[in-house]
Amino acid sequence: MLHSSRRNFLAHVGRGMLVGSVGAALAHDLGISTAFAGEDSNRITFGGMEPLVALMQDTPLDQLNRVLVEQIRSGVDLRTLIAAGALANARTFGGEDYIGYHSFMALAPALDMSKELPAERQPLPVLKVLYRNTDRIHQFGGSGAEVLRQIEAAEHATGPEPGLELQQLTRAGEFDRAEALFAAYANEPAGEMFNHVQYPVQDSANVHRVVLAWRAWLAIDLIGEEYAHTLLRQSVRFCCDESERSIANNHPQPELWGLVPRILDEYQLLSQPLGNKPGDDTFVQELAGTIFGADPVTAAEAAAQAIKDGYAPDAIGEAMSIAANLLLLHDPGRTGQQVQDGKPEGSVHGDSVGVHASDSANAWRNIARVSNQRNAAVSLVVGAYHTAGQSGRVLPDQWPLRIDAVERETDTAALVATAEEAIQNSDQALAGAAIHRISERGGESRPVFDMLLNYSTSEDGSLHAEKFYRTVTEEFATTRESLRWRQLIGLARVCASEYGRTAAGYDEACELLQV
């Protein structure tokens with residue numbers, strides 16, 4: 001950690017650089033000065049990144065798009081802007097604010113989305129999520145309400161398994177002790193810290209818990225390993241916060257606390273290396289059907305048996321992803337008390353059962369790819385547990401698509417046009433049917449992605465548009481050809497569901513970019 005005098009120096013320099021980067025007159029208009037950051041010796045600062053991080057926190061919302069476009073035109077790349085937004089978010093919310101961590105989880109996906117767009121439109125998804133990010137930072141209280149502070153590391157990390165020790169502290173909601181223990185490992189490689197964090201993450205089937213951890217890992221690659229500890233602290237605090245609230249409300253101990261060690265022991269998942277059997281279509285579909293239809297414990301044991309039988313982790317993760325997609329394709333849409341502002345009758349976007357399940361399955365599957373053997377196995381077991389037990393919330397048969405409306409069309413371009421018109425008419429059944437027909441005809445996927453990307457960029461999506469688009473692109477790319485198109489059918493449904501609610505700041509960004 002930085003010595004306080006060095007911290008103060010860098011903070012003062014950072015604000016001075018920010019003033020220089022936007023100009024003294026504009027800085028005065030924005031209310032930015034060189035005074036604030038150096039006054040708090042406990043404040044975390046980010047060296048050379050501090051000017052842009054402060055810009056994300058301090059710029060008034062009605063000036064933000066203009067300032068960011070000026071930064072882009074002056075040569076600041078989109079990756080750097082997203083990195084600054086992520087650090088501003090982590091420092092402000094520390095993984096404890098619902099809209100705050102949703103904004104964080106959208107940042108890296110937005111950058112990936114930008115790479116798929118024509119050059120003149122590439123800033124749009126980035127500007128969209130940075131606008132949301134700064135808006136929430138201001139609502140939260142801005143620089144004066146930051147959650148993450150400097151913390152002293154525990155003098156000794158006592159246990160042979162740091163993750164297990166961290167898990168015990170987060171289970172007890174011991175914020176200070178858990179953070180101090182995690183700080184003791186701040187100089188370890190990022191991968192080791194990530195493996196420690198998985199122990200508490202695996203304690204609960206909570207979509208935000210696992211997706212935040214995965215997106216924090218991706219942000220390390222984006223921003224730099226020197227910020228790994230800051231980014232992963234969000235997960236430590238999220239887990240502590242959830243435990244603290246559970247204890248206060250006298251909730252029972254989560255079933256996973258006892259289930260995971262039992263399954264590890266009973267199925268001997270750590271006694272031999274993970275297997276590499278790819279599994280055929282029948283294996284993947286049968287396991288997906290079990291996870292989709294079974295109770296959580298049965299699904300967890302099915303995943304454990306597949307691991308024991310030597311199937312490759314990615315084949316098991318593929319089945320988990322398909323099961324999650326089935327929840328979306330079987331979703332009848334919101335009714336009754338599920339209907340909310342921005343989530344009307346019949347909608348499936350936002351925090352719907354299928355979108356949430358798909359995002360969490362994607363995170364568990366990816367964590368299994370990058371973790372050590374213990375965490376890879378547990379991620380698949382907990383991921384199957386997490387995905388299962390939800391079929392009672394959807395239809396027993398797939399939600400009907402309007403196949404008869406497109407069954408005679410053979411041209412991919414015409415079918416894409418039909419899907420786009422259906423999206424603009426909020427017709428989920430026709431949008432999904434048109435994509436299904438393209439897959440039947442062996443059409444190309446890129447024109448479909450290009451069209452759906454535009455709506456995933458422009459629409460609000462109730463905090464989930466960017467994450468879910470990225471989930472679908474990843475799952476399509478890593479699912480066998482015979483099964484992958486169902487991911488795009490699901491995305492078409494979601495785009496049709498969310499259409500008509502343009503994201504805040506999006507139209508202004510288009511105007512500034514002249515696109």
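No experiment lies behind these values; they were computed from the predicted model shown. Sequence positions, counted from 1, serve as the residue numbers for this chain.
With salt bridges taken as basic N to acidic carboxylate O contacts below 4.0 Å, one links Arg262 and Glu301. Under a 4.0 Å N-O distance rule, the pair Glu50/Arg43 qualifies as a salt bridge. A salt bridge links Arg66 to Glu70: one of the charged nitrogens lies within less than 4.0 Å of a carboxylate oxygen. Look at Asp314 and Arg365 and you find a salt bridge, because one of the NZ, NE, NH1 or NH2 atoms lies within 4.0 Å of a carboxylate O, short of that distance. For the pair Asp112 and Lys115, the salt-bridge criterion is met [side-chain N within less than 4.0 Å of a carboxylate O].
With no hydrogens or angles considered, a side-chain donor-acceptor pair links Glu474 and Asn366 at under 3.5 Å. Checking Ser321 against Asn362 by side-chain atom types alone, no donor-acceptor pair falls below 3.5 Å. Inspection of the Arg171 and Gln253 side chains reveals no N or O donor paired with an N or O acceptor under 3.5 Å. For the residue pair Thr80/Asp77, the side-chain donor-acceptor check at 3.5 Å is satisfied. Residues Asp203 and Gln167 have side chains that bring a donor and an acceptor to within less than 3.5 angstrom of each other.
Taking Arg374 as the reference, nothing meets the salt bridge (charged side-chain N to carboxylate O under 4.0 Å, His left out) condition, with sequence neighbours excluded. In this view, Asp176 satisfies the side-chain contact (heavy atoms from CB on, under 4.5 Å) rule with no residue, not counting sequence neighbours. Applying the side-chain contact (heavy atoms from CB on, under 4.5 Å) criterion to Ile99, with sequence neighbours excluded, gives Asp97, Ser103, Arg136, Leu463. With sequence neighbours excluded, the residues that form a side-chain contact (heavy atoms from CB on, under 4.5 Å) with Ser462 are Lys343, His349, Asp460. Every residue two or more places apart in sequence or in another chain that forms a side-chain hydrogen bond (donor to acceptor under 3.5 Å, both in side chains) with Tyr469 is listed here: Glu116.
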(request) Test Glu165 against Arg177 for salt bridge (charged side-chain N to carboxylate O under 4.0 Å, His left out), laying out the working first. (result) CA-CA 10 Å; Glu165 193 172 0; Arg177 293 179 62 198; over 6 Å; no
(message) One pair to check against salt bridge (charged side-chain N to carboxylate O under 4.0 Å, His left out): Arg245 and Asp241. What are the steps and the verdict?
(response) CA-CA 6 Å; Arg245 285 184 283 109; Asp241 182 57; 3.3 Å; yes
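Identified under the ring-ring contact (aromatic ring centres under 6.0 Å, His included) test for residues 237-263, with sequence neighbours left out: Tyr101-Phe238.
Distance alone, capped at 3.5 Å, places no donor-acceptor pair between the Gln272 side chain and the Gln268 backbone. Without hydrogens or angle criteria, Asn65 side chain to Gly505 main chain gives a donor-acceptor distance under 3.5 Å. Although no hydrogens or angles enter the test, the distance criterion places a donor-acceptor pair under 3.5 Å between the side chain of Thr473 and the main chain of Arg470. Asn375 contributes no side-chain N or O that, together with a main-chain N or O of Ser371, makes up a donor-acceptor pair within less than 3.5 Å. Side-chain atoms of His138 come within 3.5 Å of backbone N or O of Thr59 as a donor-acceptor pair. Distance alone, capped at 3.5 Å, is enough to place a donor-acceptor pair between the Tyr227 side chain and the Phe46 backbone. When atom types are taken as modelled, the side chain of Asp309 and the backbone of Tyr311 share no donor-acceptor pair closer than 3.5 angstrom. Under the 3.5 Å distance criterion, the side-chain polar atoms of Ser243 are left unmatched by any main-chain donor or acceptor of Cys240.
Atom CE of Met56 and atom CD1 of Ile137 lie 8.5 Å apart (nearest 0.5 Å). Here CZ of Phe468 is found 9.0 Å from CD of Glu498. Values are rounded to the nearest 0.5 Å. How far CG of Leu87 is from CG of Leu231: 6.0 Å, rounded to the nearest 0.5 Å. The distance from atom CG of Asn133 to atom NE2 of His102, rounded to the nearest 0.5 Å, is 13.5 Å. Residue Arg369 holds its CZ atom at 10.0 Å from CG of Leu380, rounded to the nearest 0.5 Å. Between the CD atom of Gln139 and the CG atom of Leu61 there is a distance of 8.5 Å, given to the nearest 0.5 Å.
Taking every heavy atom of both residues into account, Ser235 and Val197 meet most closely at CB-CG1, 3.6 Å.
Between Tyr185 and His196, the distance separating the two ring centers is shorter than 6.0 angstrom.
Ring geometry for His356 versus His464: interplanar angle of 30 to 60°, hence tilted.
Other residues, nucleotides and ligands contribute only 12 or fewer heavy atoms inside 6.0 Å of the CG atom of Asp341.
When side chains are defined from C-beta on, Val211 counts as touching Lys467, because their heavy atoms get closer than 4.5 Å.
Stacking of Lys128 on the aromatic ring of Tyr506 is not recorded, the 6.0 Å distance cut-off and the 45° axial limit not both being met.
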